[in-house]
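Computation of the quantities below employed the complete heavy-atom set of this structure, encompassing side-chain atoms and omitting hydrogens, waters and symmetry-equivalent molecules.
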Protein chains: 2
Amino acid sequence: MAVAPRYQVINRDLSGQIGSGSLGPGDRLPSESELAQHYGVSRMTVRQAVGQLEAEGLVVRRHGTGTFVSEHRPRRRRANRFGSFAEEMGVEASDVTSRLLEQEVGLPPEDIVALLQLSPGQAAVRVYRLRLVSGEPVSLQDSWLPLLLAPSLARGGLEGGSLYRTLRDREGVEVTRAEQEVSASLATPEQAQLLAVEPGSPLIAILRVAYAGGDEVVEVARSLTVPTLPLSLSTER
Amino acid sequence: MAVAPRYQVINRDLSGQIGSGSLGPGDRLPSESELAQHYGVSRMTVRQAVGQLEAEGLVVRRHGTGTFVSEHRPRRRRANRFGSFAEEMGVEASDVTSRLLEQEVGLPPEDIVALLQLSPGQAAVRVYRLRLVSGEPVSLQDSWLPLLLAPSLARGGLEGGSLYRTLRDREGVEVTRAEQEVSASLATPEQAQLLAVEPGSPLIAILRVAYAGGDEVVEVARSLTVPTLPLSLSTER
DNA sequence: GAGTGGTCTAGACCACATG
DNA sequence: ATGTGGTCTAGACCACTCA
């Protein structure tokens with residue numbers, strides 16, 4: 001039945017109340033004892049739910065005083081765990097879909113070869129995807145992985161669209177660390193068409209190198225993401 | 001006597017064992033039950049200690065398998081500590097210089113007022129700087145701070161070019177947390193001239209909100225930075 | 001099946017903030 | 001003095017992994 005743990009149910013309920021505005025910034029949440037009684041669980045369970053809210057930045061706990069809704073909307077999650085794409089975008093995983101543009105075995109471009117630490121001639125798998133949130137295209141992700149590390153990807157298939165999860169479940173390769181470089185670029189006509197923006201629009205460009213274990217490079221990926229900032233910076237002084 | 005909580009003692013002990021190498025990368029920690037017995041506490045207490053290690057990135061928990069020391073040294077704490085400008089750019093602090101473009105007291109634009117949580121009419125200090133690395137312009141930083149929090153800045157002067165350091169030394173205000181949103185934009189002619197790039201070039205745009213203590217907003221800053229990526233992403237597929 | 005971490009209980013006492 | 005969150009117990013059952 002895949003029943004969610006109680007603390008997650010409580011977390012989502014409170015999270016929803018904050019999101020919908022029935023709990024506004026600065027409001028005090030019911031005390032942990034009250035919540036425990038209300039949800040019919042023990043206080044420790046409530047604490048787990050609230051602790052998660054706190055980690056997400058939605059609430060602030062004050063010893064001896066109470067738990068309060070944060071004054072600000074949390075913007076970005078911290079990047080300790082290079083989160084899934086959904087986490088990084090700050091959206092629900094269920095809102096994220098993928099369109100597979102290419103999945104093939106071949107020789108990557110020179111610069112990628114170097115970053116992947118491949119010997120000359122060694123093949124790699126390319127997974128080129130368009131990621132969508134709520135059906136809207138938001139990001140192009142172009143990943144290259146050493147064929148030796150990801151042979152199963154050569155045969156196609158991605159479990160639930162998550163590359164890292166597929167790696168872990170099918171190859172036993174666990175991505176433990178990633179480095180990113182953020183840049184900006186202009187959309188080419190082809191990119192623009194896929195992302196539904198004007199050609200020449202600015203895009204956030206990220207180069208990511210993902211490692212497993214020590215220094216073994218598992219993936220080199222380039223992504224181009226549509227800026228989502230609500231403020232128009234380009235018109236500023 | 002200010003005795004530290006047991007879970008913190010346990011956390012530090014394990015943390016020390018990892019740091020000293022008696023627990024190396026990939027090693028499995030004793031099971032939670034064993035740790036509980038060893039430290040003479042309940043398993044829930046051990047879980048709190050280990051959970052903290054996990055949040056710090058020192059260990060990885062695997063359901064049904066065990067808890068393992070992470071393969072990599074956890075790098076920078078991001079988000080929590082937001083490095084100096086030099087750290088963020090990955091350069092030596094001695095290579096970084098600033099050119100003060102404006103430093104004045106006034107009423108910020110509407111959007112900034114909201115983010116600063118100012119009442120209507122409340123004044124703020126603006127510090128607008130061009131940051132250079134090795135003499136090359138790389139970033140425009142436009143900061144707004146509540147006048148009440150930074151009165152000394154109204155009289156000019158920045159210690160060593162570091163805004164946060166000035167805040168700490170002169171106002172006793174310590175920035176404890178910052179949130180950032182990354183975006184992209186196109187350089188206006190004026191921005192282009194200051195940054196020595198072509199008008200219309202893509203720039204990395206970052207909106208930062210810095211907090212002191214709980215939810216008190218200390219600074220809202222917008223920065224525009226020249227992409228420094230060695231790879232030319234804009235010419236890619 | 002044995003061992004691991006994940007969830008949960010129904011209490012308890014303590015430290016802290018505020019009226 | 002009261003109520004809050006912080007810490008802690010001594011169990012329990014479940015879900016997962018692996019031999």
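- Across the protein-nucleic acid pair, Q8(B) atom CD and dA15(C) atom C1' stand 14 Å apart, rounded to whole Å.
- Contact record, I10(B) with A49(B): CG2-CB, 3.8 Å, taken as the closest heavy-atom pair.
- Following rounding to the nearest Å, Q48(B) (CD) and dT9(D) (P) show an atom-to-atom distance of 10 Å.
- Between R61(A) and dG6(D) there is a side-chain N or O to OP1 or OP2 distance below 4.0 Å.
- Nucleic acid contact class of V50(A) (heavy atoms, under 4.0 Å, all strands): none.
- Residue contacts for S33(A): at a heavy-atom cut-off of 4.0 Å it reaches no nucleic acid atom on any strand shown.
- Side-chain nitrogen and oxygen atoms of T65(B) include none within less than 4.0 Å of the OP1 or OP2 phosphate oxygen of dT17(D).
- Residues M44(A) and G64(A) both approach DNA chain D. Their nearest nucleotides, taken by heavy-atom distance, put G64(A) toward the 5′ side.
- At whole-Å resolution of the value, CG in N11(B) and C1' in dC8(D) are 16 Å apart.
- The line from OG of S42(A) to CZ of R6(A) is 9.0 Å long, rounded to the nearest 0.5 Å.
- Side-chain atoms of Y7(B) lie closest to dT7(D) of the nucleotides dG5(D), dT7(D), dA10(D).
- Taking only side-chain atoms of R28(A), from C-beta outward, the nucleotide of dT4(D), dC8(C), dA10(D) with the closest atom is dT4(D).
- In this structure, the nucleotide among dC13(D), dC16(D), dT9(C) sitting nearest to the side chain of R43(B) is dC13(D).
- When rounded to the nearest whole Å, the span between CG of L35(A) and P of dC8(C) equals 15 Å.
- The R47(B) side chain lies nearest to dG6(C) when the options are dT9(C), dG5(D), dG6(C).
- The CD-P distance, from E32(B) to dC8(D), rounds to 16 Å in whole Å.
- Using modelled atom types and a 3.5 Å distance limit, the side chains of Q17(A) and S22(A) yield no donor-acceptor pair.
- Going from atom CD of Q37(A) over to atom P of dG3(D) covers 14 Å, rounded to whole Å.
- Rounded to whole Å, the distance from CZ on R6(A) to P on dC13(D) is 16 Å.
- Checking the phosphate oxygens (OP1, OP2) of dT9(C), a side-chain nitrogen or oxygen of T45(A) falls inside 4.0 Å.
- The OH atom of Y39(A) sits 14 Å away from the P atom of dT9(C) (whole-angstrom rounding).
- Taking CG from L224(A) and CD1 from I206(A), the interatomic distance works out to 9.5 Å, rounded to the nearest 0.5 Å.
- Here dC16(D) is the nucleotide among dT4(D), dC16(D), dT7(C) with the atom lying nearest to any side-chain atom of H63(B).
- For the residue pair Q141(B) and S223(B), no side-chain donor N or O sits within less than 3.5 Å of a side-chain acceptor on the partner.
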